[in-house]
Peer 1: 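For reference, the structure I am asking about is given below.
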Amino acid sequence: MSQLIQTRRYGLVALCSLAMVFSSCSQKEPLASTEEEQAAERLAIENEKSAVGPWVNVFSEYFASASTFSSQWVRTTGRYDYNSEGICYYNDYKSNLASRDGRTVLEINASKDGNIYRSGHVKSNFNYTVGNNEEYRVTATIKFVRLNGSTYQSFASIYGAWPAFWTVREQEWPTKGEIDIFEIYTKGTFAETKSNLFYGTTAGPNGNILGNNYERTYPSASSSTSGWHTYEMRFSNTNGYRQVTIYKDGAYVTAYNNGQGYGLNLNNFGIHNVILNLNVGDNGGIFNEGQINITSTNRAIMWVDNVYVDKRTL
């Protein structure tokens with residue numbers, strides 16, 4: 001009897017030890033040293049938990065190599081922002097690779113030059129479109145700061161900055177849709193953080209039929225203007241049912257689908273590129289141009305770390 005009890009006790013210990021091993025594996029974080037290895041481990045860990053097809057990385061940018069960056073992105077130069085004609089002008093030298101907070105990043109900075117604001121806008125050469133029974137995930141880790149002289153300050157204390165992380169097909173806009181994964185409107189003492197969709201059947205600046213009916217406010221807006229945060233969009237197509245879902249730091253924010261009305265047609269959202277930009281001001285009444293406090297030495301800055309696009313079958 002005592003031997004049977006002892007055998008059972010040892011068996012129980014072994015099972016408990018094995019359970020601890022599996023528990024540890026399910027909660028592990030990437031331990032690899034390079035960003036490429038960390039990305040591979042990230043996918044492996046997430047795929048262990050998935051009940052559908054595995055996530056496969058189809059685009060990644062670590063902003064560690066100038067040659068890779070120049071081959072994967074176009075730095076916009078020589079034009080005004082579509083929303084800030086005559087106010088914000090994009091130059092390629094306003095988007096550069098840098099080392100910040102111990103990371104290799106894309107740094108986009110906006111400053112005043114005479115009567116206009118010069119800033120940065122980059123678009124990926126990579127593009128995606130969601131096929132039937134597919135899901136795409138577009139992710140970026142971003143931090144916003146104000147550089148006043150040589151001192152970093154709260155981004156929310158700037159008035160008139162409008163940075164964004166989004167996907168769109170600029171040609172024939174808005175007939176192929178636009179997904180604003182994340183954007184900020186800074187108002188000097190606070191900031192509004194939003195996601196939004198645009199769509200219309202007629203190309204051109206007046207083609208959007210949705211108005212701002214699909215604009216959604218992020219929770220905890222103030223936290224988005226301090227520290228590093230990860231913003232994520234998932235676009236799924238399950239037998240023709242399409243949905244766009246937004247996450248911040250892994251937490252659900254909102255979802256969009258055709259059933260919400262106002263004329264949205266996600267079925268017509270076509271090939272999209274990834275865009276990162278930092279607009280200043282606007283022509284539509286969002287900001288009071290006289291209150292913009294960005295100068296040549298008081299700058300709005302957007303740091304972007306890893307950008308990933310993954311896909312999987314459903």
Side-chain angles (χ1 to χ4, degrees), residues 59-66 68-84 87-113 116-126 138-150 152-168 170 180-186 191 193-194 224-231 273-282 287 292-308:
F59 176 81
S60 57
E61 175 61 79
Y62 310 107
F63 301 111
S65 165
T68 300
F69 173 67
S70 62
S71 69
Q72 295 199 139
W73 301 84
V74 174
R75 293 190 290 181
T76 302
T77 193
R79 73 164 175 85
Y80 285 101
D81 186 270
Y82 299 125
N83 297 293
S84 300
I87 300 173
C88 182
Y89 195 80
Y90 290 125
N91 293 100
D92 54 1
Y93 64 84
K94 302 296 283 184
S95 304
N96 295 289
L97 303 189
S99 179
R100 303 286 186 259
D101 284 359
R103 303 168 181 244
T104 56
V105 303
L106 169 66
E107 179 174 274
I108 300 176
N109 83 85
S111 60
K112 192 170 187 181
D113 181 10
I116 64 172
Y117 301 92
R118 297 190 185 274
S119 189
H121 178 292
V122 301
K123 178 171 71 173
S124 69
N125 288 319
F126 168 85
V138 184
T139 308
T141 302
I142 306 174
K143 181 177 179 178
F144 305 95
V145 294
R146 171 185 181 179
L147 183 59
N148 191 359
S150 59
Y152 288 112
Q153 298 176 337
S154 167
F155 191 76
S157 63
I158 291 173
Y159 185 95
W162 182 0
F165 165 42
W166 47 304
T167 75
V168 71
E170 292 178 292
D180 296 333
I181 301 169
F182 179 80
E183 55 188 350
I184 296 177
Y185 309 96
T186 60
T193 58
K194 313 275 189 179
S224 293
T225 55
S226 63
W228 289 95
H229 296 283
T230 298
Y231 304 97
N273 301 92
V274 179
I275 295 182
L276 298 153
N277 73 293
L278 204 175
N279 185 24
V280 178
D282 80 299
F287 302 106
I292 298 176
N293 59 3
I294 295 171
T295 68
S296 60
T297 57
N298 183 37
R299 303 184 173 211
I301 296 179
M302 176 181 185
W303 291 335
V304 185
D305 199 355
N306 303 336
V307 176
Y308 299 114

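The structure displayed is predicted, hence computed values, not measured ones.
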Peer 1: Less than 6.0 angstrom separating the ring centers of Tyr231 and Phe165, yes or no?
Peer 2: no

Peer 1: Does the side-chain contact (heavy atoms from CB on, under 4.5 Å) test come out yes or no for Glu107 and Asn96, once each step is laid out?
Peer 2: CA-CA 5 Å; Glu107 179 174 274; Asn96 295 289; 5.6 Å; no

Peer 1: Just how far is it from atom OG of Ser224 to atom CZ of Phe155, taken to the nearest 0.5 Å?
Peer 2: 11.5 Å

Peer 1: Would you indicate whether the side-chain heavy atoms of Tyr90 and Tyr80 approach each other to under 4.5 Å?
Peer 2: no

Peer 1: Report the distance from atom CD1 of Ile292 to atom CD1 of Ile158, rounding to the nearest 0.5 Å.
Peer 2: 11.0 Å

Peer 1: I'd like to know if the side chain of Thr77 reaches the main chain of Asn91, judged simply by a donor and an acceptor atom lying under 3.5 Å from each other, with no hydrogens or angles considered.
Peer 2: no

Peer 1: Output all residues satisfying side chain to side chain donor-acceptor pair (under 3.5 Å) with Thr141, sequence neighbours left out; order by chain, then residue number.
Peer 2: Thr230

Peer 1: Once side chain to side chain donor-acceptor pair (under 3.5 Å) is applied, do any residues pair with Asn109, and if so which ones, sequence neighbours excluded?
Peer 2: Lys94, Arg299

Peer 1: Pairing donors with acceptors under 3.5 angstrom, does anything connect the side chains of Arg146 and Ser157?
Peer 2: yes

Peer 1: Name all residues meeting the ring pair (Phe, Tyr, Trp, His ring centres under 6.0 Å) criterion together with Tyr62; count only those two or more places apart in sequence or in a different chain, and write none if there are none.
Peer 2: none

Peer 1: Just to verify, what does Asn273 make a side chain to side chain donor-acceptor pair (under 3.5 Å) with, not counting sequence neighbours?
Peer 2: none

Peer 1: Only one of Ile301, Thr297, Asn298 forms a side-chain contact (heavy atoms from CB on, under 4.5 Å) with Leu147, so which one is it?
Peer 2: Ile301

Peer 1: List the residues meeting side chain to side chain contact (heavy atoms under 4.5 Å, CB included) with Lys143, not counting sequence neighbours, and say none if there are none.
Peer 2: Asp101, Val145, Trp228, Trp303

Peer 1: Report yes or no: does Ser99 contribute a side-chain atom to a donor-acceptor pair with the main-chain N or O of Thr104 at less than 3.5 Å?
Peer 2: no

Peer 1: Can you tell me how far the OG1 atom of Thr167 sits from the CD1 atom of Ile181, to the nearest 0.5 Å?
Peer 2: 5.5 Å

Peer 1: Would you mind reporting whether Ile184 and Thr225 have side-chain heavy atoms less than 4.5 Å apart?
Peer 2: yes

Peer 1: Which residues pass the ring pair (Phe, Tyr, Trp, His ring centres under 6.0 Å) test with Tyr82, not counting sequence neighbours?
Peer 2: none

Peer 1: Verify the distance criterion only: is there a donor paired with an acceptor across the side chains of Asn279 and Asp81 at less than 3.5 Å?
Peer 2: yes

Peer 1: Using 0.5 Å steps for rounding, measure from the OG atom of Ser124 to the CD1 atom of Ile275.
Peer 2: 7.5 Å

Peer 1: Can we call the ring centroids of Phe182 and Trp162 under 6.0 Å apart?
Peer 2: no

Peer 1: For Thr68, which residues count as a side chain to side chain contact (heavy atoms under 4.5 Å, CB included) partner, sequence neighbours excluded?
Peer 2: Glu61, Ser65, Gln72

Peer 1: Please identify each residue that fulfils side chain to side chain donor-acceptor pair (under 3.5 Å) with Asn306, with sequence neighbours left out.
Peer 2: Tyr308

Peer 1: Walk me through whether Lys123 and Arg75 qualify under side-chain contact (heavy atoms from CB on, under 4.5 Å).
Peer 2: CA-CA 7 Å; Lys123 178 171 71 173; Arg75 293 190 290 181; over 6 Å; no

Peer 1: Can you list everything that forms a ring pair (Phe, Tyr, Trp, His ring centres under 6.0 Å) with Phe287? Sequence neighbours excluded, please.
Peer 2: Tyr159

Peer 1: Please check this pair: side chain of Arg100 against backbone of Val105, looking for a donor-acceptor N/O pair closer than 3.5 Å.
Peer 2: no

Peer 1: In Å, rounded to the nearest 0.5 Å, how long is the span from NE2 of His121 to OG1 of Thr76?
Peer 2: 4.5 Å

Peer 1: Who are the side chain to side chain contact (heavy atoms under 4.5 Å, CB included) partners of Ala164, not counting sequence neighbours?
Peer 2: Trp166, Glu183, Asn277

Peer 1: Hey, mind stepping through Phe69 and Leu97 against side-chain contact (heavy atoms from CB on, under 4.5 Å) and telling me if it holds?
Peer 2: CA-CA 8 Å; Phe69 173 67; Leu97 303 189; 3.9 Å; yes

Peer 1: Going by heavy atoms in the side chains, are Phe59 and Val307 under 4.5 Å from each other?
Peer 2: yes

Peer 1: Restricting to non-hydrogen atoms, name the atom on Ala110 and the atom on Ile294 that form the minimum distance, rounded to 0.1 Å.
Peer 2: O-CG2, 3.6 Å

Peer 1: For the side chain of Thr295 and the backbone of Lys112, is there at least one donor-acceptor N/O pair under 3.5 Å apart?
Peer 2: no

Peer 1: State, yes or no, whether a side-chain contact exists between Val274 and Val138 at a heavy-atom distance under 4.5 Å.
Peer 2: yes

Peer 1: Any sub-3.5 Å donor-acceptor pair from Ser119's side-chain atoms to Leu278's backbone N or O?
Peer 2: yes

Peer 1: Quick one: ring pair (Phe, Tyr, Trp, His ring centres under 6.0 Å) partners of Tyr117, sequence neighbours excluded?
Peer 2: none

Peer 1: To the nearest 0.5 Å, what is the distance between CD1 (Ile142) and CE (Met302)?
Peer 2: 4.0 Å

Peer 1: Taking all non-hydrogen atoms of both residues, which atom of Ala161 and which atom of Thr186 are closest, and how far apart?
Peer 2: N-OG1, 2.9 Å

Peer 1: Only counting residues at least two apart or in another chain, list the ones meeting side chain to side chain contact (heavy atoms under 4.5 Å, CB included) with Ser226.
Peer 2: none

Peer 1: Would you say the side chain of Leu276 lies within less than 4.5 Å of the side chain of Leu106, judging by non-hydrogen atoms?
Peer 2: yes

Peer 1: Is the shortest side-chain heavy-atom distance between Asp282 and Ile87 below 4.5 Å?
Peer 2: no

